[in-house]
There are 2 protein chains.
Amino acid sequence: MTTTALKARKEFGKTLASDIAHRLRNEIVTCQLKPNESLKFDALRLSFGASFTTLREALTLLVAEGLVVAEEQRGYKVAPVTLEDLHDLTHARILIEVDLIRRSIERGDDDWEIRVISCLHRLAKIEERAPEDYAGNAEWKSAHRQFHEALVLASGSPTLLAVRNSLFDRAERYRNLSALYRPRPRDKAGEHRALMQAAIGRNADQACALIASHIQTTSDNVAKYASGVINAG
Amino acid sequence: MTTTALKARKEFGKTLASDIAHRLRNEIVTCQLKPNESLKFDALRLSFGASFTTLREALTLLVAEGLVVAEEQRGYKVAPVTLEDLHDLTHARILIEVDLIRRSIERGDDDWEIRVISCLHRLAKIEERAPEDYAGNAEWKSAHRQFHEALVLASGSPTLLAVRNSLFDRAERYRNLSALYRPRPRDKAGEHRALMQAAIGRNADQACALIASHIQTTSDNVAKYASGVINAG
DNA sequence: ATGAGCAATATTTTCGAAAATAGGCAAAAA
DNA sequence: TTTTTGCCTATTTTCGAAAATATTGCTCAT
């Protein structure tokens, strides 16, 4: 095989380190880099074409996001997946997302409503176009992420939003993991539409209940379908 | 003046980078490094005696904790302090700390109770010894931090605990800032004792109410005494 | 005066070599 | 056989030089 990717290239971020963090994050979330896999510098240098220190900076970023764990003097590895971690993550996500969506509904203006509606529309379009398997579809994943982000974007809490985004990534890794072992994706279209309606109808209590249930159900399904590959808590 | 600190030394962490992050964090939280102050590599290299890349790794860590902000290609600076940020931070802290303390009370065992009690005892001892000005006292700060940490330690939520710790640091910076401008520290001893009693009495509702009010009142006082040095939100 | 263009300087970002550290293997001692 | 000790190798961690990028200050045309 040809030893590809000798030279680093910038795609996303402005600096090479943030760019590599972006690419690494993607590979971890999509499970191309498997849980527990050890991240050796020599190997990373080969596949990303960057030097020790640049890689080290990128890894440091991902440690803070909980996608990579560092054992000092003993290198880095992809964060493990466990049932315990999934439960912990789910609890944290519900707590934060419920708070954010409630405040978003209180504070959201017309632009916010428009954004929520158009994000849902885009999501629906993609699902129509590929009704069978949108779960593995990168475009659907992006639209899905953006819809959920739109819902909470008017909350006015940068701190919690940042935490939320990092938890979303961690959760997406579990979703991808379970998708590998599930016969067909759960149909979330109805849930998304109901969420949108509760949000723009300014029905905060209902929106909070819906999002909590949405996150919990997804998590339960992950636990059900992926329990074989997840280390017991 | 003698140009001190040419050679780096390890005090806390196992690696130099984590050690420097530790020291930098401390300098930022205690406002020896002032909000908005730009963190130039040459200057840092001089005072910490480490190389570019090691410093860069330490700064990356602090960016994730919200104590440093990075503008790509334009360096790092100490995170600004604003009223808006203080409100955001306070909201996030109350949301998370209330959840953690409730679950800690549900799950805490005998060791947890003992730990809470002994942490409070240590705190009280220090306050007795220096009744006038324990606010600037590093030992008191450490005991204070440990008491509050003990309360939530049985929650069993590593994710939220990690976020909590990072928010605690950010809040401590604001507390230190206001202490500079306040005639005498507010007496929190009674509040701490009440918290302990509610916790080991397994009165979750009361403990949650107390911690929320404790955080909110502290924040209000910071806003009151430090508003002069805090940029308007 | 004013602003655009350009050179000079300051600063950040990236690199690969060198130092430090951990883990394993083999030989010697118990 | 089992344990200990001391190399040797694999790997991480740190360094300072070099490249890339931003900023400042100057010149010149308008």
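By convention in this document, chain letters (A, B, ...) are assigned in the order of the sequence lines, proteins followed by strands, and residues within each chain are numbered from 1. Small disclaimer: the values here were computed from a predicted structure and weren't measured.
Going from atom CG of B/L39 over to atom C1' of C/dT13 covers 16 Å, rounded to whole Å. Between B/R45 atom CZ and C/dT11 atom C1' there is a gap of 11 Å when expressed in whole angstrom units. At whole-Å resolution of the value, CD in B/E71 and P in D/dT21 are 18 Å apart. Residue B/L44 contributes atom CG, which lies 12 Å from atom C1' of C/dT11 at whole-angstrom precision. For the pair A/K77 NZ and D/dT11 C1', the computed distance is 16 Å after rounding to whole Å. At whole-Å resolution of the value, CG in A/D19 and P in C/dT12 are 21 Å apart. Protein atom CD of B/E72 is 14 Å distant from nucleotide atom P of D/dT23, rounded to whole Å. When rounded to the nearest whole Å, the span between CG of B/L46 and C1' of D/dG16 equals 15 Å.
Set against C/dT13, D/dT14, C/dA22, the side chain of A/Q73 has C/dA22 as its closest nucleotide. Which of D/dG16, C/dT12, C/dT14 sits closest to the side chain of B/S51 comes down to D/dG16. Residue A/F41 places its side chain closer to D/dT12 than to any other of D/dT12, C/dT14, D/dC15. Considering only side-chain atoms of B/K14, the nucleotide from C/dT13, D/dT13, C/dA22 that sits closest is C/dA22. Closest to the side chain of A/T15, from the set D/dG16, C/dT13, D/dT13, is C/dT13.
By the neighbour-count criterion of 12 heavy atoms within 6.0 Å, atom CZ of A/R103 is densely surrounded, having more than that number from other residues, nucleotides or ligands. Surrounding CZ of A/R122 are more than 12 heavy atoms belonging to other residues, nucleotides or ligands, all under 6.0 Å away.
A salt bridge links B/R25 to B/E65: at least one charged side-chain nitrogen sits closer than 4.0 Å to a carboxylate oxygen. In this structure, B/E27 does not pair ionically with B/K34, as no charged nitrogen and carboxylate oxygen lie closer than 4.0 Å.
Shown here are the side chain to side chain donor-acceptor pair (under 3.5 Å) partners of B/Q216, two or more places apart in sequence or in another chain: B/D220. Under the rule for a side chain to side chain donor-acceptor pair (under 3.5 Å), the partners of A/D85 that lie at least two apart in sequence or sit in another chain are A/R170, A/Y174.
Between A/F52 and A/A17, the residue whose closest nucleotide on DNA chain C is further toward the 5' end is A/A17.
Dashed line: the shortest gap from a side-chain N or O of B/R74 to OP1 or OP2 of D/dT23 is under 4.0 Å.
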* To do: Given side-chain hydrogen bond (donor to acceptor under 3.5 Å, both in side chains), test A/T30 with A/N176 step by step and report yes or no.
  => CA-CA 6 Å; A/T30 59; A/N176 286 332; 5.8 Å; no

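Applying a 4.0 Å cut-off to non-hydrogen atoms, the residues of residues 53-64 of chain A that approach DNA chain C are A/T53, A/T54, listed by residue number.
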